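Position 1 is the first residue of the sequence, and the numbers go up from there. Heavy-atom basis, side chains included; hydrogens, waters and symmetry copies ignored. Here the structure is a predicted model, which means the values were calculated and not measured.
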Amino acid sequence: MVDLLPMPTSIQSGDGYLRRSKENVSSEQVRAPGRVLRAVARLPLAGFPIEVEIVESTAEQPRLNDSYAYGLVVSETGVRIEADTQWGALAALTTLTQLTSDDSIPCCAITDAPRFQWRGLMVDVARHYISLETLRRTLDAMGYFKLNVLHIHLSDDQAFRYRGTSYPEMASAEHYTASDLAALVAYAADRGVRIVPELDVPGHTTSWLVTHPEWGAGGEVSASSAFGPHETVLDPTRSELMDALGHIFGEIAEVFPDPYVHFGGDEVRSNEWQGSAAIQDYMRTQKIDDVNGLQADFNRRLVSMLGRLGKKPVGWDEILHPNLPDNVVIQCWRGMFGRDEALRAGYDCLVSAPYYLDLFMPAGVHYRYDPEATTADLAGIDGQLRNDSRFAHVVGDIGWGKGFTDYLELETSKKGRVLGAEACIWTELVSDELFDRRVWSRMPAIAERFWSERKVRDEGDMYRRLELHHTRLEQLCGVDAVIDRDMLGVLGLEALIDMLEPVKGYTRVLGEELSSARKEGRDGTQIKRPYTADTLLDRVIDRIAPESVATRHFVSALEAGEDTTGWTSGWREQHRILIGLLSQRPELAELEEASRALAELADIVDAGGEVSPALAGPYGEYLLPAVFAVSAHES
């Protein structure tokens, strides 16, 4: 049984094993360039003779079109790796690491190459600061699962995380310096990962305008910790703004050697543009018909500036417009329809819509969506989700097949390409402490979708391998992807907390009141969201994983006809324990309804009775997914 993740293109099992030598392997036995030797040294490969042959090994940084293909042969006498580039050799070493068990590697021959050139993870460091230590740990894990692009979202309304020399006053209290980021770029390259920076303009710029209100389209701007789109926006008609952008993006271009720079362009509010007489005069003078045209005019000038800096631009799918230059890469997040519109208009694109990790969706849901899925395939998967009672509480039309917006009619020229895809972790509800669990509980499954052939689709086998590699991930990278054990030890409520999941979609970040308003079609503009960037993320809901591993194990036991009384007795006992704790720990009262429901489920399972899916909740921000499993098993 093959336990690799992602699955390689082909693998032929051999007879026997390569045994680890108790003596140090001499330098003659590991022949490779310096970067590859460093990888051998940090991975648990000591004692195995490894020979590496690389066709091209001189590049300092990985590039979009670089090959990650490799061949790997393990015999009883040693390992031979052949790769086009050092990046392919690094990928081979991670495969070898995954094959290693204790002191042996099974003999085999593997041929492998990624399906997509761009296999990314976008990390929002603006809503909550993510430390350099966590980013380095993230890069370790990215290398292990053969991801090759870290996209860092450096600025948003809440913070500006880069301290430059031109405008150092813009930097938030927690930020990165140029030397911090240069070191991170080098660290990433040693793992075969590119780093693509993003500064989001002209919207999501409250943090810019707090220190430089003269760049804005409105008046004075106050610092904001609120989430959701803001009205503040840059004034694209100001020449001093364009000069400032030249300096800021110029510094970013020097710090990050990758050819690509992301300039955002999403969720731009136009009220300030429409209310400014100067901006309206500019639009008339330039014969710009509407605010979409005004943003397109700004984008065109910014893209030209990035070109003079030697950079290739990337933007979110809102920037699609007839006047957008054709060299821009479109990152599609508002449904897969954006992908199709971009491709038809000749733009290369990245697919992100089905891979938003902040939505708390199960790994299996992300795994079903393919970056190149047909319209019919997407409609089928969307239909499955809409009919899945696990997601009945989610506000809005669940699914990513069509999208939730219309695009301007675009000229059709050349055919665009899907360069690859990126998962995204927006950090409204993610602190540095919580980051690993939110990302790596499900990201390895998405990494397989980005690397492996499309025919690799066995969801059950993916989950089996995912659990194995969660253990390896903690051992190798210090990433605990499943649950906060310290919290469980203090509470003594494992039987309850193991079975809980957070509500899905944007339900948490919107809050119950706003979610209800949206669901009922009521005006929710005056309803405050329950979270801001200042909210402490220290409740049980914050510390549980997005997906309950224990529930999957219970489902397996149920389907196998095993005795489940060990489960149900724990479910009853947890409720007694919780009730006893409430006088000392009143903050745990938010668990009481879910706790009572789990005890009730125990009685139903033991009695073989019927269970209503409604018993799953939501209970505030909590779900009991085991209820859905029992209900499905009965039917």
Tyr167 ring center within less than 6.0 Å of Trp215 ring center: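 Centroid separation for Trp215 and Tyr167: below 6.0 Å.
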Check: Tyr129 ring centroid to Tyr176 ring centroid under 6.0 Å: yes
Any side-chain heavy-atom pair from [X] and [Y] closer than 4.5 angstrom?
{"X": "Phe116", "Y": "Pro371", "value": "yes"}
{"X": "Val261", "Y": "Pro197", "value": "yes"}
{"X": "Ile110", "Y": "Leu4", "value": "yes"}
{"X": "Leu234", "Y": "Leu209", "value": "yes"}
{"X": "Phe227", "Y": "Thr535", "value": "no"}
{"X": "Tyr347", "Y": "Arg339", "value": "no"}
{"X": "Phe249", "Y": "Phe263", "value": "yes"}
{"X": "Pro44", "Y": "Leu476", "value": "yes"}

With His366 via side-chain contact (heavy atoms from CB on, under 4.5 Å) - residues at least two apart: Tyr355, Leu357, Met361, Arg442, Ile446
For the pair [X] and [Y], find out whether any cationic side-chain nitrogen is under 4.0 Å from an anionic carboxylate oxygen.
{"X": "Asp102", "Y": "Arg20", "result": "no"}
{"X": "Asp140", "Y": "Arg191", "result": "yes"}
{"X": "Asp348", "Y": "Arg417", "result": "yes"}
{"X": "Glu433", "Y": "Arg543", "result": "yes"}
{"X": "Arg115", "Y": "Asp370", "result": "yes"}

Hey, could you give me the [atom1]/[atom2] distance between [X] and [Y], rounded to the nearest 0.5 Å?
{"X": "Thr138", "Y": "Met142", "atom1": "OG1", "atom2": "CE", "value": "8.0 Å"}
{"X": "His151", "Y": "Ile195", "atom1": "NE2", "atom2": "CD1", "value": "11.5 Å"}
{"X": "Gln86", "Y": "Leu93", "atom1": "CD", "atom2": "CG", "value": "11.5 Å"}
{"X": "Glu474", "Y": "His469", "atom1": "CD", "atom2": "NE2", "value": "15.0 Å"}
{"X": "Leu350", "Y": "Tyr260", "atom1": "CG", "atom2": "OH", "value": "8.5 Å"}
{"X": "Tyr531", "Y": "Glu428", "atom1": "OH", "atom2": "CD", "value": "12.0 Å"}

Is the closest side-chain donor-acceptor distance between [X] and [Y] under 3.5 Å?
{"X": "Glu448", "Y": "Tyr367", "result": "yes"}
{"X": "Trp118", "Y": "Gln331", "result": "no"}
{"X": "Glu251", "Y": "Thr165", "result": "yes"}
{"X": "Ser224", "Y": "Asp157", "result": "no"}
{"X": "Ser225", "Y": "Asp534", "result": "yes"}
{"X": "His128", "Y": "Gln158", "result": "no"}
{"X": "Asn65", "Y": "Gln117", "result": "yes"}
{"X": "Asp112", "Y": "Trp451", "result": "yes"}

Donor-acceptor pair, [X] side chain versus [Y] backbone, under 3.5 Å?
{"X": "Asp432", "Y": "Ser131", "result": "yes"}
{"X": "Asp317", "Y": "Trp333", "result": "yes"}
{"X": "Lys146", "Y": "Ala113", "result": "no"}

Reference residue Phe160; test side chain to side chain contact (heavy atoms under 4.5 Å, CB included); the match among Leu199, Thr211, Thr205: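 The side chain to side chain contact (heavy atoms under 4.5 Å, CB included) with Phe160 is passed solely by Leu199 among Leu199, Thr211, Thr205.
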Please name the pair of heavy atoms, one in [X] and one in [Y], separated by the smallest distance, quoted to 0.1 Å.
{"X": "Ala92", "Y": "Leu72", "answer": "O-CD2, 4.2 Å"}
{"X": "Leu18", "Y": "Cys107", "answer": "N-SG, 4.2 Å"}
{"X": "Val193", "Y": "Leu147", "answer": "CG2-O, 3.5 Å"}
{"X": "Ala39", "Y": "Leu90", "answer": "CB-CD2, 3.5 Å"}
{"X": "Arg472", "Y": "Thr100", "answer": "NH1-O, 3.3 Å"}
{"X": "Ser548", "Y": "Glu501", "answer": "N-OE2, 2.8 Å"}

Distance under 6.0 Å and angle within 45° of ring axis: Arg137 vs Phe435: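 That pair does not qualify as a cation-pi contact.
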Cation-aromatic face contact Arg194/Trp87, 6.0 Å, 45 degrees: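 No.
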Glu169 atom CD, over 12 foreign heavy atoms within 6.0 Å: yes
Chi angles and distances behind the side-chain contact (heavy atoms from CB on, under 4.5 Å) call for Trp426, Arg127: CA-CA 8 Å; Trp426 300 99; Arg127 272 50 175 267; 3.1 Å; yes
Chi angles and distances behind the salt bridge (charged side-chain N to carboxylate O under 4.0 Å, His left out) call for Arg464, Asp3: CA-CA 8 Å; Arg464 179 188 67 81; Asp3 294 330; 2.5 Å; yes
Residue pairs passing the salt bridge (charged side-chain N to carboxylate O under 4.0 Å, His left out) test where at least one lies in residues 173-190, sequence neighbours excluded: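 As it turns out, the salt bridge (charged side-chain N to carboxylate O under 4.0 Å, His left out) pairs with a partner in residues 173-190, which skip direct neighbours, are Arg35-Asp190, Arg38-Asp190.
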Derivation of the side-chain contact (heavy atoms from CB on, under 4.5 Å) call for Leu429 and Asp358: CA-CA 8 Å; Leu429 303 179; Asp358 51 300; over 6 Å; no
